[in-house]
Participant: 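I have a structure I would like to understand better, so I am pasting it below and will then ask my questions one at a time.
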Number of protein chains: 2
Amino acid sequence: MDKPLRMIAEASLRRMPSYWRVLDEIGNNGQEFVSCTEIADRFHQDPTQVRKDLEGAGCEGRPRVGFAVNETKRCIAEFLGWNNTHDAFLVGAGNLGAALAGYEGFQPAGLTIVAVFDNNPEKIGAKLAGKPVLRVERFRNLAQRMHVQIGIIAVPAHAAQETADMMLESGIKAIWNFAPRKLSSPEGVVVENADLTPSLASLSAKLRMKRDQEVE
Amino acid sequence: MDKPLRMIAEASLRRMPSYWRVLDEIGNNGQEFVSCTEIADRFHQDPTQVRKDLEGAGCEGRPRVGFAVNETKRCIAEFLGWNNTHDAFLVGAGNLGAALAGYEGFQPAGLTIVAVFDNNPEKIGAKLAGKPVLRVERFRNLAQRMHVQIGIIAVPAHAAQETADMMLESGIKAIWNFAPRKLSSPEGVVVENADLTPSLASLSAKLRMKRDQEVE
DNA sequence: TAGATTGTTAATCGATTAACAATC
DNA sequence: TAGATTGTTAATCGATTAACAATC
């Protein structure tokens with residue numbers, strides 16, 4: 001707010017939730033202050049990196065004392081935009097959609113999936129994790145009326161791009177894409193890919209390398 | 001196999017599945033050769049990076065002609081360990097577990113979830129996406145008998161570490177962790193975190209920055 | 001004051017990008 | 001041959017890590 005919004009590194013940004021979680025745990029133990037070293041130790045990470053990351057988020061500590069646990073939690077949440085609650089629409093009522101609709105871990109982030117959309121008549125009208133499943137044709141109208149800004153894509157890969165296009169036409173500002181496909185989208189729209197395939201590739205390649213080493 | 005196994009960058013590794021997918025598409029169009037530039041254009045990426053990545057995976061192209069589509073697909077699959085099929089055990093039969101058990105996108109990677117484990121008596125004995133749900137106490141014995149090397153964690157955060165410990169005692173060599181918590185594990189074990197929180201943090205922080213900019 | 005920890009600047013490291021030579 | 005594209009080495013860029021000054 002008072003500080004100029006410097007561009008912070010993507011990698012740094014992605015470490016923030018871990019910091020938040022550690023602070024949450026430490027706070028629940030009744031501890032009021034914590035040093036970067038203590039935070040870093042929990043992940044076998046460099047204390048300097050923690051300090052830099054927190055600085056980037058605009059959090060301030062006190063020399064000799066450390067960072068105030070609750071204040072720093074608030075600061076991270078503020079930085080990540082987790083203090084404003086976000087309503088989101090989810091498209092795709094399959095297995096993955098069901099998991100996302102029912103997942104409770106998004107709560108600290110203030111993310112609430114308020115409705116699910118699908119084009120399968122058998123699913124429409126039912127509930128998914130307590131949320132109504134609606135005809136995908138209703139997305140646009142409802143998104144505009146409710147000022148929903150986040151769209152979550154959990155459809156098969158071949159339908160991902162058209163779903164994204166539809167979302168953008170509906171005024172969606174940010175897309176969280178779980179389909180294994182890169183989306184093309186206009187400049188200025190926030191697109192975050194949550195495709196699991198890179199993670200699986202890393203796992204299996206490392207497992208293979210390990211095996212190859214053992215054979216040698 | 002013939003080449004020394006150089007350490008390849010993590011980021012490069014994670015780009016491999018996209019290359020494989022593009023090659024798959026191009027191959028299905030009947031095209032036999034493809035240049036790095038053509039691959040790169042699909043992601044608005046640098047052609048040099050594609051070339052470097054493929055080189056790192058041990059794939060070879062032909063000057064003036066490009067990379068042979070099918071050969072390069074095979075090369076990437078080989079590099080990622082996708083030619084050997086992997087059986088995996090999944091622990092946690094909740095929403096997320098159901099999504100993973102039913103997800104078909106793991107097939108190109110040769111990953112098959114053969115059994116699901118849980119400690120909730122109501123779930124045990126049922127099927128999840130066609131796979132049997134078993135008592136978690138049976139994990140160890142079955143894993144050793146079936147030589148299963150990959151364990152997938154889809155339990156709540158507070159149970160993640162004990163699940164990991166149990167897996168490692170059972171001889172599991174690689175853990176794919178979907179719980180939002182870093183795991184501590186001995187050197188040499190492959191642990192890949194698929195926690196969604198960093199992805200969500202990136203999304204919401206960027207959305208907030210965008211909004212802040214518009215206000216100015 | 002002394003000492004611990006932050007804040008900040010400098011050095012290192014690695015990944016990405018650019019340049020150019022090799023090749024079919 | 002000429003030209004397109006690979007293969008490879010060099011330059012740039014950015015992120016991580018180290019060093020040290022500032023501060024309570």
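All chains are named by letter (A, B, ...) in the order of the sequence lines, taking the proteins before the strands, and each is independently numbered beginning at 1.
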Participant: What is the distance, to the nearest angstrom, from the CG atom on B/L54 to the P atom on C/dT16?
Facilitator: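 Roughly 14 Å, once rounded to whole Å.
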
Participant: Of A/A11 and B/C36, whose closest DNA chain D nucleotide lies nearer the 5' terminus?
Facilitator: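 Whichever sits nearer the 5' end wins; that is B/C36.
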
Participant: So, B/S202 versus B/K206: side-chain donor-acceptor pair below 3.5 Å or not?
Facilitator: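 Indeed, the side chains of B/S202 and B/K206 share at least one donor-acceptor pair under 3.5 Å.
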
Participant: Given atom CD of B/E60 and atom P of D/dT5, what is their separation to the nearest angstrom?
Facilitator: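 Computing the B/E60:CD to D/dT5:P distance gives 19 Å.
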
Participant: What integer distance in Å separates A/F67:CZ from C/dA4:P?
Facilitator: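 Going from CZ in A/F67 over to P in C/dA4 covers 18 Å.
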
Participant: Taking atom types as modelled, is there a side-chain donor on B/D53 or B/Q49 under 3.5 Å from an acceptor on the other?
Facilitator: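 No.
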
Participant: How many whole angstroms separate atom CG of A/D53 from atom P of C/dG7?
Facilitator: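 Interatomic distance, CG of A/D53 to P of C/dG7: 13 Å.
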
Participant: Reading DNA chain C from 5' onward, which residue's closest nucleotide shows up sooner: B/T48 or A/V34?
Facilitator: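 Nearest-nucleotide comparison on DNA chain C picks A/V34.
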
Participant: Considering the terminal five base pairs at each end of the helix from C/dG3-D/dC24 to C/dC24-D/dG3, what angle separates the two local helix axes, rounded to 10°?
Facilitator: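 Rounded value for the end-axis angle: 0°.
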
Participant: Is any side-chain N or O of A/R62 closer than 4.0 Å to OP1 or OP2 of D/dA22?
Facilitator: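 Indeed not, no polar side-chain atom of A/R62 lies that close.
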
Participant: For B/K52 and D/dA11, give me the distance from atom NZ to atom C1', rounded to whole Å.
Facilitator: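 Rounding to the nearest Å, NZ of B/K52 and C1' of D/dA11 are 11 Å apart.
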
Participant: Please report the closest heavy-atom contact between B/A93 and B/D118, naming both atoms and the distance.
Facilitator: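 B/A93 and B/D118 have their closest heavy atoms at N-OD2, 2.7 Å.
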
Participant: Which nucleotide, D/dT17, D/dA15, C/dT17, lies nearest any side-chain atom of A/A9?
Facilitator: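 Given the options D/dT17, D/dA15, C/dT17, the side chain of A/A9 is closest to D/dA15.
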
Participant: Nearest whole angstrom, please: distance from the P of C/dT5 to the CD of A/E38.
Facilitator: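 The distance from CD of A/E38 to P of C/dT5 comes to 10 Å, rounded to the nearest Å.
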
Participant: Relative to the ring of A/F89, is the ring of A/F117 parallel (under 30°), tilted (30 to 60°) or perpendicular (over 60°)?
Facilitator: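 Taking A/F89 first and then A/F117, their aromatic rings sit tilted (interplane angle of 30° to 60°).
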
Participant: From the list D/dT6, D/dT17, D/dA15, which nucleotide is the closest neighbour of the side chain of B/P63?
Facilitator: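 Taking heavy atoms from C-beta onward, the closest nucleotide is D/dT6.
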
Participant: Could you check whether B/N29 and B/E25, counting side-chain N and O atoms only, form a donor-acceptor pair closer than 3.5 Å?
Facilitator: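 B/N29 and B/E25 do not have a side-chain donor-acceptor pair below 3.5 Å.
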
Participant: Whole angstrom is fine here: how far is it from CD in A/Q49 over to P in C/dT12?
Facilitator: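 Nearest whole value for this atom pair: 19 Å.
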
Participant: If you assign each of A/R51 and A/R64 to its closest nucleotide in DNA chain C, which residue comes earlier from the 5' end?
Facilitator: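 Residue closer to the 5' terminus by nearest nucleotide: A/R64.
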
Participant: In this structure, how many angstroms lie between the C1' atom of D/dC24 and the CZ atom of A/F33, rounded?
Facilitator: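 One finds 12 Å between C1' of D/dC24 and CZ of A/F33, rounded.
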
Participant: Can you give each donor-acceptor pair under 3.5 Å made by side-chain atoms of residues 193-201 of chain B, sequence neighbours left out, with the distance rounded to 0.1 Å?
Facilitator:
unit_1, atom_1, unit_2, atom_2, d
B/N193, OD1, B/N177, ND2, 2.9
B/D195, OD1, B/T197, N, 2.9
B/D195, OD1, B/T197, OG1, 2.6
B/D195, OD2, A/R21, NH2, 2.9
B/D195, OD2, B/T197, OG1, 3.4
B/T197, OG1, A/R21, NH2, 3.4
B/S199, OG, A/W176, NE1, 2.8
B/S199, OG, A/E192, OE2, 2.9

Participant: Between the side chains of B/R74 and B/E78, is the shortest nitrogen-to-carboxylate-oxygen separation below 4.0 Å, so that they form an ion pair?
Facilitator: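 No, B/E78 and B/R74 are not salt-bridged.
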
